[in-house]
There are 2 protein chains.
Amino acid sequence: MDEKNYLNQLIEAGEKEDELTPKQARILEAAIEIFAEKGYASTSTSEIAKKAGVAEGTIFRHFKTKKELLFSIVTPVITKFAVPFFATHFVNQVFNEKTPDYEQLLRKLIMNRFEFVKNNIPLLKILLQEMAFHTEIQQSYQEVFRREVFPKFDEAVKYYQENGKLIAYPSETIIRFTMTTIIGFLITRFIVMPDVNWNDEEEIDRTIHFLMYGLSTEKSES
Amino acid sequence: MDEKNYLNQLIEAGEKEDELTPKQARILEAAIEIFAEKGYASTSTSEIAKKAGVAEGTIFRHFKTKKELLFSIVTPVITKFAVPFFATHFVNQVFNEKTPDYEQLLRKLIMNRFEFVKNNIPLLKILLQEMAFHTEIQQSYQEVFRREVFPKFDEAVKYYQENGKLIAYPSETIIRFTMTTIIGFLITRFIVMPDVNWNDEEEIDRTIHFLMYGLSTEKSES
DNA sequence: ACTATAAATGAGTGATTACTCACTTTTAGT
DNA sequence: ACTAAAAGTGAGTAATCACTCATTTATAGT
C-alpha cells in the first residue's frame, strides 16, 4: 500500500513531464539553469522568459507566482532524492536476499545515489540553496525523511546491530555518520571540486571502507 | 615569518572592529542578522538601514556597494574559520609535545571548532550560502585553504601514516573524510537540527571514534 | 467549417531596488 | 572658539521587479 503510494507519486511526477506544454517545459528548463547558477532570489522572471524564448506573461499563465515556479521544480526532487536513499526496494532486498552485511548495502546505496546526483546537479544545487530560506521546502523534506527514509534506515541498522555487525551506537548516530559521509563525498565530488581528476571507483571503495573501518590501522577496542 | 603574517592578519581583523564607528558597527550587526535569515539577494539596503537605526545613505558612506558590505562581513570569517582548522598552533603542539596519535589531535580540533561554530552561527550561515554565488568568496576560501590549512594538515597526516598509525590512503582522501565528518557533524548539530536535545560530549566522542574506527565491530583487514 | 476553450502574448502597472548628492551635524586638532 | 574633515542624513532617481490583462493565436471536439 504504502509502497505503491510513493511509487505512484514518482510515476506521476515522471508523467507530469509529458503533460507539459512545450513552452512550459522550456520555462522549467530555463528556470532550473538560471536558478542553479545565480540563485532564486537574484533571478528575474524576465530573464527566465528571455532564455526560454517565451513572453513573460506565459510564465504566469502556468505558474501563479515566481515562488510556485520554484516549488514545482524543487518538490519532485525531494522525493526523488530522499526516498531511494533508503527506499523499500533496498531494504526488502536486504532482508529477502539476506544480504550479509552493512557494507554491501552501503555499496548499493552509494552507487545508486552517485548516479542520481551526477544526473541532477543543477536541481540539487537549487534544493540545497533554497532549503535554507523557504520553510515550506524544509518541512517537505523533513516529512519525506521521517516517513519514508528514516524508518527503513532505522530498521536495517538495528537488524545489523542485533547480528553484531554494527557498533552499538544509537541508530540515529549511525544514520547521521552514514549520511554525512555519503553526502559529504557527493558534494565534494560534484559541487565543491568537480574539476579535479577523480578515480570514482576507488573513492567509492575508500568511502565504504572508511565508513566501516575508520582511518586507524589499529583495531577498535569497543 | 609566515606565521607572524597571518597572525597579524587576525589581529588586524580583530582590531578593525574597534576602529568602527558606532553606526558602522550597527550596520554590520543588522546586515549579518538579516543576511543570515533571508539571504543576501533578498535583503534590501533600506531594511538594513531601518534595523540598524541609521539613514540609508549612511550605509553607502561606509560601504561603496551592497556587495562590499557582504564581503566585509564574509572575508574575515574565512580566515577565522579556516585557519585554525589546522593552524600552526596545533601542528606545532603535535610535533613538540609528540602527541602520540591522530585521535588526540582530532579531539582538540573538534572541540576548538565546535566552540567557534557555536559562537558564529549567523556568520557561517552567510558564508555557506553566498559562497555558492560569488566567485570572489570561493577564490578567497580556496586560497586560504591551499596556503594555510592544507599544507599543515597534509604534513600531520603523513607523519602519522609514517608511524603506522593511519591508513595508507592518499592524504587528500584522509583530509576529506576528516573534514566532511567534522563539518557534517557541526552542520547537523547547529544548522540542520539545532533544536533536538544533543549530548554534545558524547557525540563528540562518538564522532572521533567513528573517524578512527568506523562503524563495524569487526577488525579492518587493511 | 464552426466554435468553445486553452495557450500565448507584450505593453502596462505600481512597488521596490541600489545608489547619489546637496546638505546638516559631529568630531577633533589647534 | 575656530575650522576643516569626517560622519550622517533623507529626498530623489532611473532601473528593475513580479505580476496583470485585454487581445491575439492555436487547439480540439463536433
Nearest-neighbour nucleotide for the [X] side chain, [options] considered:
{"X": "A/V54", "options": "C/dT9, D/dC17, D/dA18", "value": "C/dT9"}
{"X": "A/A55", "options": "C/dG10, C/dT17, D/dT9", "value": "C/dG10"}
{"X": "A/F60", "options": "D/dT20, C/dA8, C/dC19", "value": "D/dT20"}

For [N], does either OP1 or OP2 sit under 4.0 Å from a side-chain N or O belonging to [X]?
{"X": "A/H62", "N": "C/dA8", "value": "yes"}
{"X": "B/K66", "N": "C/dA18", "value": "yes"}
{"X": "B/S44", "N": "C/dT16", "value": "no"}
{"X": "A/K23", "N": "C/dT9", "value": "yes"}
{"X": "B/T58", "N": "D/dA7", "value": "no"}
{"X": "A/T45", "N": "D/dC19", "value": "no"}

Please check if the number of heavy atoms outside A/E68 that lie under 6.0 Å from its CD is greater than 12.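 Counting other residues, nucleotides and ligands, CD of A/E68 exceeds 12 neighbours.
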Looking only at side-chain N and O atoms, does B/T178 offer a donor or acceptor that is under 3.5 Å from a partner on B/Y102?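 Side-chain D/A pair, B/Y102 to B/T178: present.
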Between A/T45 and A/E56, does any side-chain donor sit less than 3.5 Å from a side-chain acceptor?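 There is such a pair (donor and acceptor under 3.5 Å, judged by atom type) between the side chains of A/T45 and A/E56.
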Rounded to whole angstroms, how far apart are [atom1] on [X] and [atom2] on [N]?
{"X": "B/K50", "N": "C/dT17", "atom1": "NZ", "atom2": "P", "value": "11 Å"}
{"X": "B/L70", "N": "C/dA18", "atom1": "CG", "atom2": "P", "value": "13 Å"}
{"X": "B/I27", "N": "D/dG8", "atom1": "CD1", "atom2": "C1'", "value": "9 Å"}
{"X": "B/F35", "N": "C/dA18", "atom1": "CZ", "atom2": "C1'", "value": "12 Å"}
{"X": "A/I48", "N": "D/dC17", "atom1": "CD1", "atom2": "P", "value": "11 Å"}
{"X": "A/Q24", "N": "C/dT9", "atom1": "CD", "atom2": "P", "value": "13 Å"}
{"X": "B/L20", "N": "C/dT27", "atom1": "CG", "atom2": "P", "value": "16 Å"}

So, is the end of the A/K66 side chain (NZ or CZ) under 6.0 Å from the ring centre of A/Y40 and within 45° of the ring's axis?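 Positive - A/K66 is close enough to the ring of A/Y40 and near enough to its axis.
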Is the Lys NZ or Arg CZ of A/K80 less than 6.0 Å from the centre of A/F116's six-membered ring, within 45° of the axis?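 Geometry flag: not set, cation outside 6.0 Å or 45°.
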Would you find a donor on one side and an acceptor on the other, under 3.5 Å apart, between the side chain of B/T75 and the backbone of B/S72?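 The answer is no, because no donor-acceptor pair under 3.5 Å joins these two groups.
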Let me check the geometry of the helix from C/dA1-D/dT30 to C/dT30-D/dA1. What is the bend angle between the axes at its two ends, five pairs each, to 10°?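 Here the local axes at opposite ends form an angle of 30°.
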Classify A/E56 by what it touches in the nucleic acid, base, sugar-phosphate, or nothing, heavy-atom distance under 4.0 Å.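 Since a base atom lies under 4.0 Å of A/E56, the category is base.
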Are the aromatic rings of A/F71 and A/F63 close, with centres under 6.0 Å apart?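 Ring centroids of A/F71 and A/F63 are no less than 6.0 Å from each other.
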Do the rings of B/F150 and B/F145 sit parallel, tilted or perpendicular, given the 30° and 60° boundaries?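 Aromatic pair B/F150/B/F145 classed tilted.
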Most 5' of A/R61 and A/S42 on DNA chain D, judged by nearest nucleotide: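 This one resolves to A/S42.
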Specify the residue among A/E47 and B/I59 whose closest nucleotide of DNA chain D lies further upstream toward the 5′ end.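 Closest to the 5' end, via its nearest nucleotide, is B/I59.
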